[in-house]
Amino acid sequence: MTEHIFLTGGTGFIGRHLTDVLLKNGFTVTLLVHKKTYQGADHPNLNIVHGDIRHPSPWKHILSNADIVIHAAGSVSEMNFYRYISINTEATMILARECSLHDNIRQFIFISSLSAAGPSEPGNPIREFYPADPVSEYGKSKLMAEGRLLNLATPFSKIIIRPPAVYGPCDNAFLPVFKMAVNRIRLVYNHGISEFSLIHVMDLCNIIVQVILSPRLKQDEIFFVNDGEPMHTLEELFDLMEKITQRKTIPVQVHRLLFGGVFYLAELSGTVMGKTHLLTVDKYRELKQKAWTCHSYKLMDLLDYKINYPLEIGLRDTYTWYRKHHWL
Ligand SMILES: NC(=O)c1ccc[n+]([C@@H]2O[C@H](COP(=O)([O-])OP(=O)(O)OC[C@H]3O[C@@H](n4cnc5c(N)ncnc54)[C@H](OP(=O)(O)O)[C@@H]3O)[C@@H](O)[C@H]2O)c1
């Protein structure tokens, strides 16, 4: 019999890809869908329940026949700490507490973030045993969720995955970087992020499937993931973009005040319009750090998985998708 997965965040960037990958791997999936308009793909093993994680009544009955819960819902961009806590910390605990009432659930996978661990020292990607020191409200809300989740007594194992920046088809957070390259701009930013880890969304989803299938993951663990390389640089990224787009770029040095100002103004306009913008002051707190890099040995040593999308292949795949769908 196929295992039944209850998935939150299935309508988001990662969740949509994850739903497809889970179905292709033969799982039965029930998606918790927040947006009322979402109908979902037509698949015999896909079920949908509408609701908000913070209000369990409409969805909690599903848990009595779920084997695995994947919690991929969350928010990467909010206007204040309270909202991050509500969506990333409290919602996680509401879900986990409901799950803890069911001993049919064998595994709870929480998609946290590298932001929960905080930035790295330049040239020194972090490992799971390094002390966490988040710099953003987003990262703090994820770290609080991790800590409270691990402290909860549960009949199932809790696997916490901390992805770095995830990119791939359908992602609008990485699109501006491609737009710069297409417009022949090579970003040079000497006051902030210059080293980072990345992962293509398909590798992340396939790794999650391997985590589910692995007989070796039976206890609570935290894992970083990456695309096989712990460290990429802005220079490398734009070199590859030039190759993929076949457009020579011109270096454009951005001043710290201008860079920070853009995020500040974007957040201000979002507040005035009553809309959350991807560019927030909290995001700037992260981008002004020099390095966001992590090693993934701990998980990769346990899984039999080979990365399919090293950076050049992953960027090419994403670029092709953006072009095909007229995002570029
Ligand atoms: N993208 C990245 O680079 C990245 C990197 C590291 C970690 N992560 C983490 O990975 C997870 C997924 O990220 P993503 O990029 O796919 O985000 P996303 O595209 O913004 O999707 C977030 C999902 O969460 C759902 N959601 C939000 N609040 C909810 C609520 N109260 N009840 C039920 N569902 C709710 C959203 O549904 P609605 O749209 O209907 O509200 C959406 O399906 C997040 O937890 C994020 O922190 C992402």
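Just so you know, residue 1 is the first one in the sequence shown, and it goes up from there. Order of appearance sets the numbers: ligands from 1, and atoms from 1 within every ligand.
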Out of Arg16, His17, His34, His50, who is nearest to atom 41 (O) of ligand 1 when you count heavy atoms only? His34
Counting only N and O atoms by type, is there a donor-acceptor contact under 3.5 Å from the side chain of Asp317 to the main-chain atoms of Ile313? no
May I ask you to identify the nearest protein heavy atom to atom 3 (O) of ligand 1, giving residue, atom name and distance to one decimal place in Å? Val166 N, 2.9 Å
shortest atom 23 (C) of ligand 1-to-protein heavy-atom contact is with Gly9 CA, 3.7 Å
Hey, is Lys142 one of the residues with a heavy atom under 4.0 angstrom from ligand 1? yes
CD1/Ile159 to CG/Leu217 distance, rounded to the nearest 0.5 angstrom? 5.0 Å
Which heavy-atom pair separates Gly74 from Asn88 by the least distance, and what is that distance? CA-OD1, 3.3 Å
Salt-bridged, Glu242 to Arg247, with N to O below 4.0 Å? no
Rounded to the nearest 0.5 Å, the OG1 atom of Thr154 sits from the CZ atom of Arg106 at a distance of 13.5 Å
Do the rings of Phe110 and His71 sit parallel, tilted or perpendicular, given the 30° and 60° boundaries? parallel
So, regarding Gly10 and ligand 1 (criterion: nitrogen or oxygen to nitrogen or oxygen, under 3.5 Å), is there a contact or not? no
Of all the non-hydrogen atoms in the protein, which one sits nearest to atom 31 (N) of ligand 1, and at what distance? Asp52 OD1, 3.0 Å
My understanding is that we take every heavy atom of each candidate and find the minimum distance to atom 11 (C) of ligand 1. Doing that for Gly51, Gly74, Ala72, which one comes out nearest? Ala72
Under 4.0 Å to a heavy atom of Ile111 - the qualifying atoms of ligand 1, by number: 9 (C), 10 (O), 45 (O)
Checking a contact table here: which protein heavy atom is nearest atom 43 (O) of ligand 1, and how many Å away? Thr11 OG1, 2.7 Å
Identify the protein heavy atom lying closest to atom 48 (C) of ligand 1, giving its residue, its atom name and the separation to 0.1 Å. Ile14 CD1, 3.6 Å
Considering Phe13, Tyr167, Tyr138, which one's heavy-atom position lies nearest to atom 8 (N) of ligand 1? Tyr138
Below 4.0 Å from ligand 1: does a non-hydrogen atom of Phe174 turn up there or not? no
Among all protein heavy atoms, pick the one closest to atom 25 (C) of ligand 1 and tell me residue, atom and distance. Ala73 CB, 3.8 Å
Verdict with reasoning, Glu286 to Ser115, per side chain to side chain donor-acceptor pair (under 3.5 Å): CA-CA 8 Å; Glu286 295 192 343; Ser115 297; 2.8 Å; yes
Among all the protein's non-hydrogen atoms, which is closest to atom 33 (C) of ligand 1, and how far away is it? Ile53 CG1, 3.4 Å
Going by distance only, is there an N or O of Val76 that falls short of 3.5 Å from an N or O of ligand 1? no
Can you tell me the protein heavy atom closest to atom 40 (O) of ligand 1 and the distance? Lys35 CG, 2.9 Å
May I ask you to identify, for Arg162, whether its side chain, its backbone, both or neither come under 4.0 Å of ligand 1 on a heavy-atom basis? neither
Does any N/O atom on Leu32 come nearer than 3.5 Å to any N/O atom on ligand 1? no
With heavy-atom distances below 4.0 Å as the criterion, list the atoms of ligand 1 near Arg54. 31 (N)
Consider ligand 1: state whether an atom of it lies below 4.0 angstrom from any non-hydrogen atom of Thr8. no
Taking only non-hydrogen atoms of Pro164, do any sit less than 4.0 angstrom from ligand 1? yes
Checking His295 against Asn226: is there a side-chain donor and acceptor pair closer than 3.5 Å? no
If the threshold is 4.0 Å, N to carboxylate O, is there a salt bridge linking Lys243 and Glu312? yes
For ligand 1, does Ala91 get within less than 4.0 Å through its side chain, its backbone, both, or neither, judged by non-hydrogen atoms? neither
With backbone taken as N, CA, C and O and side chain as the heavy atoms from C-beta onward, which portion of Ser112 lies under 4.0 Å from ligand 1: side chain, backbone, both, or neither? backbone
Under the side chain to side chain donor-acceptor pair (under 3.5 Å) criterion, do Ser120 and Thr293 qualify, and how do the steps go? CA-CA 6 Å; Ser120 48; Thr293 59; 3.0 Å; yes
Tell me, please, whether Phe108 has Lys158 positioned over its six-membered ring: NZ or CZ under 6.0 Å from the ring centre and within 45 degrees of its axis? no
Output field: ring centroids His4/Phe27 closer than 6.0 Å: no
From atom 16 (O) of ligand 1, is the closest protein heavy-atom distance below 4.0 Å? yes
Nearest 0.5 Å, please: how far is SG in Cys170 from CH2 in Trp327? 6.0 Å
Can you tell me if Ala173 has a non-hydrogen atom under 4.0 Å from ligand 1? no
Strictly below 4.0 Å, N to O, side chains only: are Lys142 and Glu146 in salt-bridge contact? no
Got a second to check how far Lys306's NZ is from Asp203's CG, nearest 0.5 Å? 9.5 Å
